[in-house]
Amino acid sequence: MSEQPVLLPYADPAFVADPFPLYRRLREDGPVRRAVIAGGLDAWLVTRYEDGLAALSDPRLSSDVRDAADPRLVEQLPDFERESLMSTMLRSDPPDHTRLRRLVSKAFTARRVADLRPRIQEITDRLLDAVVPAGRAELVADFALPLPVTVIGELLGVPVDDRYDFQRWTDAMLVRGEKMPDPAVVNEAWQRMRAYLTVHLEAKRARPGDDLLSALISAHDEQQRLSRDELTAMTFLLLVAGYVTTVNLIGGGIAALLAHPDQLSLLREQPDLLPDAIEEFLRYDGPVSPGIARFAREDVEIAGVTVPRGATVLIASAIADRDPVRFPDPDRLDVTRRDNGHLAFGHGIHYCLGAPLARLEGRIAIGTALRRLPGLALAVPPGELTWRPGGLRGPARLPVTFTPGGRAD
C-alpha cells in the first residue's frame, strides 16, 4: 500500500464524468488506501468487495461523526447536518439507531410502498405526456427529478405547491465538490427548510391524514415516540433521501443504457429483465460515489491494514461494486446479471430503508420511458454530458431525442 495519500480530484471534470479508471487503479493498488476527499479531509478507502461488506457490519466502525478524531469533520459540518442528520438513524449507532429505525419502520412499511405503484405509474405517464409530442427532452429536469420529488412529497403529505421549494433548498445544501459550499448559502437554505418543516409538522399533528408523516407522528414503541427534534430531523432525512438518490438512479440508468446500445435493445426486447437491470445500474454506476463513511471507535484491522482510532473510513461501494473477484467482467454493463449483491444501498443495520421505494420508482420510470420513447438517443455527444460532483453521482443534465408520439398503455 502506498504511503502517499491519493487525491480524489472532484474539481476535474474528466474525473467527475468517469471516475472508474482511477477507482480501478486504487483497488488494484491495495484493499485499503489513504486518500484526500472532499474538503481536504483524510480518509481510508476500503476498495474491495468482501472487505467492504465486512466493514459495513463491523460495530467498531461508527456512523456517528463525533467519533472522528479530526475535529474538522464536525467543525466543517453545516448547521443542517449538525442540527438534523446527527439526530437520525443515518448518523446514529445502537441503541439509538435501533429505536429510531424501529419507529420509522412501523410507518414506512412494504405494503405502503407497494400501494404506491398505481400512483407512481400515473405520475410517470403524466410527466412523459408533457414531453412525447416534442421528440426531445432534458430527462433530468423533465422526468428523473420531478418524479421522485412528487412521490416523496405525496408520501409525506407535502402540498404540491411547496415541493419546488424543498427541492431547491435541498440542492443548495447538498452541493459538494473539491471545495466546500458557501456556508451562508447552505445555512440560509437550512433555516428556510427547518422553519417550513416546523410549521408543516404542527399542521399534521393537528390534522393528521393518510400519509407517512402522520404515521411517523403517531409512531410509538413501548411508550417511546419520536421527539419533536427527532421528528423534524427524520422528516428532513426522508425528504432528502427520498428523492436525491432516486433521481440519480433514473438518470444514471438511462444514461448507462444510451452508452450501451446493445443493452438498451436487449431490455426493450425483454422488459422482464427490468428488475435485474435496476440492480445492474446500481452496481455499475450507483447514485453514491465513492461510498459510505464510517469512523473507527478503536484501532481496526481491515484486510491486514491497521486503521487508527478516530480515522474516517470510506467504504467505497462504487469501487467495490466493480471488484472482479466478486463480479465477473465488472466493467461491463450486463442487464442479465443475476448474482448481483451490490453495496449501493449499504449493508447490515444501516441498509437503506428506502431501497424498496427507489427500486419501484426506478423500474416504473425506466421501463415506461423505454416503452414510450422509441428511438431514444443522446442529443449531445457523450463527452458533453455533465455529472454531479462530490458524493452523489448522476448526470446533471440528460438531453435526449426520440420519435414523438409514444402513448401510455
Side-chain angles (χ1 to χ4, degrees), residues 62-68 71 73-109 112 152-153 155-159 162-163 165-174 181 183-209 211-245 292-295 297 346 349-354:
S62 170
S63 294
D64 191 335
V65 68
R66 289 168 294 193
D67 285 319
L73 279 161
V74 175
E75 292 167 0
Q76 290 187 9
L77 287 178
D79 287 351
F80 82 90
E81 290 197 38
R82 188 177 295 108
E83 297 174 14
S84 61
L85 293 184
M86 299 277 278
S87 303
T88 70
M89 56 191 178
L90 183 70
R91 286 293 177 217
S92 63
D93 298 311
D96 285 340
H97 174 271
T98 307
R99 176 181 64 85
L100 292 169
R101 188 171 179 110
R102 184 185 296 125
L103 288 167
V104 176
S105 296
K106 286 178 175 289
F108 201 71
T109 63
R112 184 181 290 273
I152 195 63
L155 193 60
L156 290 169
V158 175
D162 296 340
R163 290 172 201 163
D165 285 333
F166 82 66
Q167 179 247 314
R168 179 167 50 85
W169 297 329
T170 300
D171 285 351
M173 288 185 277
L174 292 181
V185 173
V186 173
N187 288 331
E188 180 184 3
W190 166 237
Q191 295 303 324
R192 291 179 180 275
M193 173 77 88
R194 184 174 60 178
Y196 173 81
L197 291 177
T198 299
V199 172
H200 186 57
L201 284 166
E202 288 307 311
K204 281 292 173 186
R205 194 183 300 276
R207 294 180 298 278
D211 54 69
L212 176 59
L213 195 52
S214 298
L216 284 174
I217 291 171
S218 64
H220 62 88
D221 182 38
E222 298 176 356
Q223 306 307 311
Q224 295 187 61
R225 295 179 182 269
L226 293 167
S227 70
R228 288 179 181 265
D229 288 344
E230 288 172 341
L231 185 58
T232 301
M234 193 62 66
T235 304
F236 173 72
L237 174 63
L238 291 171
L239 279 170
V240 173
Y243 88 87
V244 173
T245 53
I292 303 164
R294 294 287 186 266
F295 310 96
R297 296 179 185 274
I349 63 171
H350 285 279
Y351 185 81
C352 178
L353 188 67

Inset, instruction - Over all heavy atoms of both residues, which pair between His97 and Ile349 is shortest? Give the atoms and the distance, please. - result: CE1-O, 3.0 Å
Legend entry - Met193 and Thr170: CA distance, side-chain angles, deciding distance, side chain to side chain contact (heavy atoms under 4.5 Å, CB included) verdict: CA-CA 8 Å; Met193 173 77 88; Thr170 300; 3.5 Å; yes
Legend entry - Smallest separation among heavy atoms of Gly209 and Ser214, with atom names: N-OG, 2.8 Å
Inset, instruction - Grab the two heavy atoms, one from Thr235 and one from Leu201, that are nearest each other, plus how far apart they are. - result: OG1-CD2, 3.7 Å
Legend entry - Exercise: do Ser63 and His350 side chains pair donor with acceptor under 3.5 Å: yes
Inset, instruction - Classify the side-chain pair Tyr196/Asp162 by whether it contains a donor and acceptor separated by less than 3.5 Å. - result: yes
Inset, instruction - Would you give the length of the straight line joining atom CG of Asp64 to atom CG of Leu90, rounded to the nearest 0.5 angstrom? - result: 11.0 Å
Legend entry - His200 (side chain) donor-acceptor with Gly157 (main chain) under 3.5 angstrom: yes
Inset, instruction - Examine distances only and state if a side-chain atom of Arg297 and a backbone atom of Asp67 form a donor-acceptor pair shorter than 3.5 Å. - result: no
Inset, instruction - Check whether any side-chain heavy atom of Ser92 sits under 4.5 Å from a side-chain heavy atom of Leu100, and report yes or no. - result: yes
Legend entry - Residue pair Gly346 / Ile292: nearest heavy atoms and the distance that separates them: CA-CD1, 3.8 Å
Inset, instruction - Go through the structure and list residues passing side chain to side chain contact (heavy atoms under 4.5 Å, CB included) with Thr98, not counting sequence neighbours. - result: Pro94, Arg102
Legend entry - Closest non-hydrogen atom pair, Leu216 against Leu231: CB-CD1, 3.9 Å
Inset, instruction - Can you sort out the partners of Glu188 under side chain to side chain contact (heavy atoms under 4.5 Å, CB included), two or more places apart, ordered by chain and number? - result: Arg192
Legend entry - Side-chain heavy-atom pair Asp93, Phe295 within 4.5 angstrom cut-off: no
Inset, instruction - Taking all non-hydrogen atoms of both residues into account, name the closest pair between Lys204 and Leu156 and its distance. - result: CE-O, 4.3 Å
Inset, instruction - Any chance you could measure Glu202, atom CD, to Thr232, atom OG1, to the nearest 0.5 Å? - result: 8.5 Å
